[in-house]
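Shown next, in structure tokens, is the structure this report addresses.
Bear in mind that the values here come from a model prediction, so they are computed numbers and not experimental data.
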Amino acid sequence: MRIVVKVGTSTLAHATGMLNIRRVEKLCQVMSDLKNAGHQLVLVSSGAIGMGVGKLSLPGRPADIPTKQAAAAVGQCELMYTYDKLFTEHNHTVAQILITGADLQNDERRHNFHNTLYRLLELGALPIINENDSVATEEIVIGDNDTLGAIVATNVGADLLILLSDIDGLYTADPHTDPTARLLTVVEAITPEIEAMTGGAGSKLGTGGMQTKIHAATIAMEAGIPMVIANGQDPAVLYDIVEGRPVGTRFAAKGE
Ligand code: GLU
């Protein structure tokens with residue numbers, strides 16, 4: 001299977017913005033093992049801004065664009081250094097691709113992005129993708145990595161898109177405030193009722209939330225790619241998802 005895994009900042013970093021070492025080590029171990037089992041994997045990783053915040057000892061996620069872009073430049077290095085080190089321990093080669101919305105709007109650049117992804121997979125490398133936050137401006141920003149994950153999945157002809165988050169999946173209401181909230185295990189179509197369940201934004205360091213995940217699901221489902229939202233607290237959950245066990249919320253691909 002060709003699988004795109006997207007991990008959010010809340011999965012990769014502690015609330016301080018510093019790396020969650022145990023979590024990231026486990027993630028790289030499980031993904032390496034899935035590669036060893038013959039799956040092709042692409043990682044869409046957030047965490048550049050969050051980790052830059054940690055490394056620069058900033059008081060929180062910056063509000064202004066220059067500091068955000070500076071934090072991303074610092075954090076992206078830290079991220080790739082960590083992935084390179086951990087995947088290398090398992091004999092896997094990583095490759096970094098940073099893109100912006102403008103790259104996707106331009107046919108030639110999108111085509112090159114697509115070709116690079118395919119060639120990296122042919123070469124057995126593990127592409128790790130993030131938005132190029134240090135140069136993206138508001139007009140061209142993709143804005144969130146859930147959407148980026150879905151775009152990558154469609155560009156690489158993925159069989160499955162997995163979004164690892166700090167929540168178990170899509171609930172009928174906010175589980176933090178509503179005790180009657182129920183986890184939906186399968187979503188067949190994005191209806192207005194489903195959209196109404198998405199609530200507000202996500203964590204303090206990341207960008208997403210349920211709205212961007214539903215947006216990603218819309219893109220993936222339409223392209224015939226199933227998507228799963230699951231809790232990334234224990235990255236071993238990837239084994240269950242790949243083996244088709246019911247975990248989190250599964251969004252069925254169109255025509256499934
Ligand atoms: N590209 C952002 C980062 O690496 C994350 C965007 C998101 O959280 O969706 O910090």
Side-chain angles (χ1 to χ4, degrees), residues 3-37 39 41-62 67-98 125-134 144-146 148-149 152 162-169 202-209 213 228-242 247-248:
I3 307 155
V4 175
V5 178
K6 180 262 170 178
V7 277
T9 305
S10 56
T11 300
L12 298 169
H14 292 285
T16 54
M18 301 297 274
L19 193 71
N20 186 326
I21 296 173
R22 183 169 37 178
R23 180 92 45 82
V24 175
E25 283 184 349
K26 189 72 194 271
L27 175 74
C28 295
Q29 185 199 57
V30 174
M31 288 188 68
S32 294
D33 201 21
L34 289 170
K35 258 176 84 59
N36 288 350
H39 299 292
L41 291 164
V42 177
L43 177 59
V44 174
S45 177
S46 301
I49 298 175
M51 241 155 262
V53 167
K55 227 176 167 196
L56 294 167
S57 306
L58 301 176
R61 191 181 161 92
T67 315
K68 223 186 266 183
Q69 296 192 311
V74 170
Q76 184 65 29
C77 287
E78 173 81 354
L79 259 186
M80 286 313 296
Y81 167 74
T82 305
Y83 284 133
D84 194 10
K85 191 161 82 84
L86 295 174
F87 280 111
T88 299
E89 280 178 14
H90 301 288
N91 283 322
H92 289 294
T93 301
V94 298
Q96 170 186 259
I97 309 182
L98 299 176
L126 170 58
I128 302 183
I129 302 171
N130 196 359
E131 181 150 18
N132 194 349
D133 295 312
S134 295
D144 73 87
N145 275 4
D146 296 322
L148 178 59
V152 168
I162 302 172
L163 305 184
L164 292 183
S165 182
D166 57 355
I167 188 156
D168 292 342
S203 70
K204 288 196 177 64
L205 287 170
T207 306
K213 289 177 180 52
V228 173
I229 301 175
N231 200 322
Q233 207 171 19
D234 180 5
V237 75
L238 289 173
Y239 288 123
D240 294 330
I241 300 169
V242 170
V247 177

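Between Ser32 and His92, the shortest heavy-atom contact is O-NE2, 3.3 Å. Taking both residues in full, the closest heavy atoms of Ala236 and Lys26 are given as CB-NZ, 3.9 Å, listed atom of the first, atom of the second, then distance. Pairing each heavy atom of Ala230 with each of Ile241, the nearest pair is CB-CD1, 3.8 Å. Residues Thr9 and Gly47 come closest through the heavy atom pair OG1-N, 3.3 Å. The shortest non-hydrogen separation linking Pro127 to Leu41 is CD-O, 3.5 Å. Across all their heavy atoms, Asn130 and Ala48 have their closest contact at ND2-CB, 3.6 Å.
Taking 4.5 Å as the limit, every side-chain heavy atom of Leu163 sits out of range of all side-chain heavy atoms of Val228. Counting heavy atoms from C-beta outward, Leu79 and Ser45 have side chains that approach closer than 4.5 Å. In this structure, the side chains of Leu126 and Lys35 come closer than 4.5 Å at one or more pairs of heavy atoms. At least one side-chain heavy atom of Val4 sits less than 4.5 Å from a side-chain heavy atom of Val44. Glu25 has its side chain within reach of Ile21: a pair of non-hydrogen atoms, C-beta onward, lies under 4.5 Å apart. Counting only heavy atoms from C-beta outward, the side chains of Val237 and Leu164 approach each other to under 4.5 Å. Side-chain contact between Thr82 and Val24: present, with at least one pair of heavy atoms (C-beta onward) separated by less than 4.5 Å. Asp168 has its side chain out of reach of Ile229: every pair of non-hydrogen atoms, C-beta onward, lies at least 4.5 Å apart.
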Audit row: Val242, His39, side chain to side chain contact (heavy atoms under 4.5 Å, CB included) steps and yes/no: CA-CA 9 Å; Val242 170; His39 299 292; 3.5 Å; yes
Take Phe87 and Thr93 through the test side chain to side chain contact (heavy atoms under 4.5 Å, CB included) and record every step on the way to the result. CA-CA 7 Å; Phe87 280 111; Thr93 301; over 6 Å; no
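Atom OG1 of residue Thr88 and atom OH of residue Tyr83 lie 13.5 Å apart, to the nearest 0.5 angstrom. Residue Leu19 holds its CG atom at 7.5 Å from NE2 of His14, rounded to the nearest 0.5 Å. Atom CG of residue Leu238 and atom CD1 of residue Ile3 lie 8.0 Å apart, to the nearest 0.5 angstrom. How far NZ of Lys55 is from OG of Ser57: 10.5 Å, rounded to the nearest 0.5 Å. Rounding to the nearest 0.5 angstrom, the gap separating the CE atom in Met31 from the CD1 atom in Ile128 is 7.5 Å. Between the CD atom in Glu78 and the CG atom in Leu12 there is a gap of 11.5 Å [rounded to 0.5 Å].
Side-chain N/O atoms of Gln96 and Gln76 include a donor and acceptor closer than 3.5 Å. Judged by distance alone, the side chains of Ser46 and Asn145 do bring a donor and an acceptor atom under 3.5 Å apart. In this structure, a donor-acceptor pair under 3.5 Å is absent between the side chains of Asp166 and Gln233. At a cut-off of 3.5 Å, with distance as the only test, no side-chain donor of Asp33 or His90 sits close to an acceptor on the other residue.
Under the 3.5 Å distance criterion, the side-chain polar atoms of Asn132 are left unmatched by any main-chain donor or acceptor of Leu98. The backbone N or O of Val7 lies less than 3.5 Å from no partner atom in the side chain of Thr11, so there is not a single donor-acceptor pair.
With salt bridges taken as basic N to acidic carboxylate O contacts below 4.0 Å, none links Asp133 and Lys68.
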